[in-house]
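To start, the structure itself, in structure tokens.
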Amino acid sequence: MFDCGKIRKTDIVLIIFFLTAALLAGLLFLRGQDAGDMVHITCDGREICSVALRQTKSGDAGESTQDGYYLITCSHEGAVAEYYADKPEGKLTDGTGYNLIRIADGSVSVVSADCHEQICVHHKPITGEGETIVCLPHRLVVEITGGKAGDSSDDAPADELDGVVR
Amino acid sequence: MTKKIAQLGFFLTFALILAYVESLIPFTVGIPGIKLGLPNLTVVFMLSADRRFKDGEAFGVNMMRIVLSGFLFGSLYSILYAFAGAVCSFLAMKAGRRCGRFSVIGISVLGGVFHNIGQLIVAIFVTQTVYLGYDLPFLIAAGTITGALLGLVVRELMPYYMRIEAKNR
């Protein structure tokens, strides 16, 4: 007779094994994780812009704020980033795909996007080094890096915006 | 033969309905890839139904379900991910069943965990972002929990199916 009713001891062992493995790996990752310094936004593997995650304390009135909203439009001709200090209202693009990214207080999140699945919008805000938000339909990756080690090429964050409006 | 076609059609429909139900549930926990995996119920069920179905049949039903539900409720990317997850979880469940030490629940847990691992591997390749590996602990935990739940459901459903099946033999 067929039985699949009884939970066997090996089932429990398996479940406990996976849960502890997940817990240990999670703890390991969290411990090795620093708060990130730089946000890199790439589309199709090409970097569109990189922004310092925390406000620079230079006191330079013109350039001190990196916090705000970044509108990324990704099309086949290329990707463009636009910076807004306040959340832009109304229609954001004329048909091309967009992701609106918010950077504030050291955390990064996708506020809105016109992609099909909205996975990037539902993603929790990221703060730590190595965390990412990915929008697959737009092939967009938002990634936080440490910035200190080995990232000397990204020293001028705000200047790398391709198209700054306002 | 005709009976087999009807049965497989029934299971494919069942899986599609579950995929539809899942697409209706707003279940997001902030990490992409974590979902209930309701359609997986059918595969687990077919694999555990005491050799009533060949492995290839279970796999085929799952593949067709992925293509159909991908076009109906998802996108091409979701089909790609689901394929990777399905192949991984199918192999894991087959191995789990062959070793003979697990009940449905253990097999379902294996399927859930390896489904997520397969998807993560494809996601790393598609986005070329190794850092997605940071999500691995969450995906393993989620796969374990949803897998165990699905296994419980299959365990409860199985006697009913067997009874009906025996009557219509």
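Everything numeric in this text was worked out from a predicted model, so none of it was measured. Numbered from 1 within each chain, the chains take letters A, B, ... in sequence-line order.
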B:Phe73, part contacting chain A, at a heavy-atom distance under 4.5 Å: backbone
Contacting region of A:Ile15 [heavy-atom separation from chain B under 4.5 Å]: both
Crowding at NZ, B:Lys4 (>12 non-hydrogen neighbours, <6.0 Å): yes
Whether over 12 other heavy atoms sit under 6.0 Å from B:Lys167 NZ: no
Under 4.5 Å from any heavy atom of chain A - which part of B:Ala148: side chain
Side chain to side chain contact (heavy atoms under 4.5 Å, CB included) between B:Thr144 and A:Phe17, worked out: CA-CA 10 Å; B:Thr144 311; A:Phe17 169 76; over 6 Å; no
A:Val13 with B:Val104, same ILVMFWY side-chain cluster at under 4.5 Å: no
Nearest non-hydrogen partners of A:Arg8 and B:Gly100, listed with the distance: NH1-O, 2.8 Å
Pairwise distance CG(A:Leu23) to CD1(B:Ile140) - rounded to 0.5 angstrom: 11.5 Å
B:Leu152-B:Val109 co-clustered via ILVMFWY side chain contacts under 4.5 Å: yes
Single-linkage hydrophobic cluster B:Val21~B:Leu24, side-chain heavy atoms < 4.5 angstrom: yes
Best-contacting candidate, A:Leu14, A:Leu140, A:Ile12, A:Thr42, against chain B by heavy atom pairs under 4.5 angstrom: A:Leu14
Same apolar cluster (I L V M F W Y, side chains within < 4.5 Å links), B:Leu120/A:Leu24: no
